[in-house]
S.K.: 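Could you have a look at this structure, given as structure tokens, before my questions?
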2 protein chains.
Amino acid sequence: MAIRLFIVDDHYMVIEGIHSLLLNEKEIEWMGHAGNADSCLAYLSSQLPDVILMDISMPGMSGIELCKTVKEKYPSVYIIGLSTFNQQSFIQKMMDNGASGYVLKNATPEELIEAIKTVALGKLYLSDEVASVLRKNSDLGIPVITRREKEVLTLIADGMTNSEIAGRLFISVSTVDTHRKNLLAKFESKNIASLIKTAVQLNMI
Amino acid sequence: MAIRLFIVDDHYMVIEGIHSLLLNEKEIEWMGHAGNADSCLAYLSSQLPDVILMDISMPGMSGIELCKTVKEKYPSVYIIGLSTFNQQSFIQKMMDNGASGYVLKNATPEELIEAIKTVALGKLYLSDEVASVLRKNSDLGIPVITRREKEVLTLIADGMTNSEIAGRLFISVSTVDTHRKNLLAKFESKNIASLIKTAVQLNMI
DNA sequence: CCTGCCATCCCACAAAAACGGGATATTTGA
DNA sequence: TCAAATATCCCGTTTTTGTGGGATGGCAGG
């Protein structure tokens, strides 16, 4: 039986490209596509594919959130993340949210087809490139910060001082200061300037 | 006579998508593609297309540099920039380097075809979306900073203090402080944290 | 030639961040 | 259930930033 495939991506060119790449694959049945999270969810309420190829950066709800939502509602669907860049944190979040695989948009047709077939069997698929990024990641990569720390970080990046943040979050300045210290330690940064640079580059704010 | 088209993009899926979108366009002749700047330049040394579709983010030499190089060597070729996001500064730089147009990867097939036909006539093509970004840009967008300010900004973002920067650049701390003040004014930021965030997001560091 | 813009330097004060400790409740996961 | 992680708070000191002035020589374009 053919693997029924659905794709969510806001770039028509990519959809068309994948469609055309898979035209000759008899084992993969093209079910259709959606350009955003909402129309994807709408589609799924009437029909269920085996595998969804999902872009992670989309207007509105991101692929990361969409992945979570879809897996909650339809746990049987296998999801493959799709993106242009190998942004460590995105890949990690996608996998955390239940994705079964991840391929980059510069993957070869063979890789893509292999990914689809692999996840359809319930296995995980990670291209060598992506896998090595994840490995590096766990080695020394992205700082793991708590919810609260992220809140504080966001406010710092918005230009607020410790006392302003304290006011906003209804906590004392000392607490904010502690969070700030912990952030500096986790990012191994010597001051907020370099910390913010890193955080923005890692797409954490 | 058909418009001879060449495409440079490191994402095979996008190349395939565009190829497939243009299959039925008799007025556009598909010449081939390259996955990076070097093979593009190699190709051009033997054959010259009328229009080149060029991704701006590529490994190695970026589309922005490639655009400049190609226009210097082959001024008769029209170049259309291609990217996923409408990053203000990228679009601007691409146009500054001699591109004749710019389309986003989520453009419709019609937009893409119109863009190719328009630039082939020697005109400029900017999609509404892109044009509005450029307009906003000139209105209030990106701060214009001097060479020296950019140097200082980079070092600040790397976590150096004023006195460290002064040492590095062989100038006095006062001077560094003045540059810092000017940067804060130009970015309309109240402190370095929010300034760095903005600068990284605008791809200025 | 002269008007901006740039890069350079100076002073002084207030505000904030960085650094180095320590402490205690609560939540959470193994 | 018990240890680890999280969130909360406090002290004091030094360093760095932020703010608000002012000043000078150089250089390029109108």
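Just so it is clear: chains get the letters A, B, ... in the order the sequence lines come, proteins before strands, and each one is counted from 1.
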S.K.: Could you tell me the separation between the CD1 atom of A:Ile156 and the P atom of D:dT17, rounded to a whole number of Å?
M.R.: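 These atoms are roughly 15 Å apart.
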S.K.: Write down the distance between NE2 (A:His179) and C1' (D:dC9), rounded to a whole number of angstrom.
M.R.: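 Checked: the NE2 to C1' distance equals 10 Å.
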S.K.: With a cut-off of 6.0 Å (strictly less than), are more than 12 heavy atoms of other residues, nucleotides or ligands near NZ of A:Lys71?
M.R.: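 Check passes, neighbour count above 12.
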S.K.: In whole Å, what is the span from the CD1 atom of A:Ile165 to the P atom of D:dT8?
M.R.: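 Rounding to the nearest Å, CD1 of A:Ile165 and P of D:dT8 are 13 Å apart.
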S.K.: Take nucleotides 17-23 of chain C nucleotide by nucleotide from the 5' end and write B, S or -, depending on whether a protein heavy atom sits under 4.0 Å from the base, only from the sugar-phosphate, or from neither.
M.R.: SSBBB--
S.K.: Among C:dC6, D:dT8, C:dC9, find the nucleotide with the atom closest to the side chain of B:Ser174.
M.R.: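 Ranking C:dC6, D:dT8, C:dC9 by closest atom to the B:Ser174 side chain puts C:dC9 first.
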S.K.: Taking all atoms of both residues into account, what is the closest heavy-atom pair of A:Ser100 and A:Val119, and its distance?
M.R.: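 Between these two residues, the closest heavy atoms are O-CG1, 3.6 Å.
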S.K.: Rounded to the nearest Å, what distance is computed from the NZ atom of residue B:Lys150 to the P atom of nucleotide C:dC6?
M.R.: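 So the two atoms are 16 Å apart, to the nearest Å.
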S.K.: Would you sort out whether A:Lys117 and A:Glu25 count as a salt bridge (charged side-chain N to carboxylate O under 4.0 Å, His left out), showing the intermediate values?
M.R.: CA-CA 11 Å; A:Lys117 291 184 177 172; A:Glu25 277 299 313; 3.5 Å; yes
S.K.: Kindly assign one of parallel, tilted or perpendicular to the pair A:Phe6 and A:Tyr43, based on the angle between their ring planes and the thresholds 30° and 60°.
M.R.: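 Taking A:Tyr43 first and then A:Phe6, their aromatic rings lie parallel (interplane angle under 30°).
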S.K.: Could you state the CG-P distance from B:Leu169 to C:dT8, rounded to the nearest angstrom?
M.R.: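 Distance, rounded to whole Å: 8 Å.
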S.K.: What integer distance in Å separates A:Lys186:NZ from D:dA7:P?
M.R.: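 About 8 Å, once rounded to whole Å.
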S.K.: Is any side-chain N or O of A:Thr175 closer than 4.0 Å to OP1 or OP2 of D:dC9?
M.R.: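 Yes, such a contact exists.
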S.K.: For B:Glu149 and B:Arg180, what are the C-alpha separation, side-chain angles and deciding distance, and is it a salt bridge (charged side-chain N to carboxylate O under 4.0 Å, His left out)?
M.R.: CA-CA 8 Å; B:Glu149 282 162 358; B:Arg180 186 186 280 260; over 6 Å; no
S.K.: Find the bend of the helix from C:dC1-D:dG30 to C:dA30-D:dT1 as the angle between its two terminal axes (five pairs each), to the nearest 10°.
M.R.: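 One end's axis against the other's: 70°.
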S.K.: Would you call the rings of A:Trp30 and A:His19 parallel, tilted or perpendicular, where under 30° means parallel and over 60° means perpendicular?
M.R.: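 Judged by the thresholds at 30° and 60°, the geometry between A:Trp30 and A:His19 is parallel.
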S.K.: Rounded off to whole Å, could you give me the CZ-to-C1' distance for the A:Arg147 and C:dT28 pair?
M.R.: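 Computing the A:Arg147:CZ to C:dT28:C1' distance gives 11 Å.
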S.K.: Any idea which heavy atoms bring B:Ile7 and B:Ile18 closest together, and the distance?
M.R.: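 In this case the closest contact between B:Ile7 and B:Ile18 is CD1-CD1, 3.4 Å.
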S.K.: Would A:Lys105 and A:Asp55 satisfy salt bridge (charged side-chain N to carboxylate O under 4.0 Å, His left out), going step by step from the backbone distance to the final call?
M.R.: CA-CA 9 Å; A:Lys105 283 186 183 171; A:Asp55 188 21; 3.6 Å; yes
S.K.: Could you tell me whether B:Arg148 and B:Glu151 have a side-chain N and a carboxylate O separated by less than 4.0 Å?
M.R.: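 Salt bridge present between B:Arg148 and B:Glu151.
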S.K.: On DNA chain D, does the nearest nucleotide to A:Arg148 precede the nearest nucleotide to B:Glu164 from the 5' side, or the other way round? Give the residue.
M.R.: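 Nearest-nucleotide comparison on DNA chain D picks A:Arg148.
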S.K.: Expressed in angstrom and rounded to an integer, what is the separation of B:Ile171 atom CD1 from D:dG25 atom P?
M.R.: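 Rounded to the whole Å, the gap is 19 Å.
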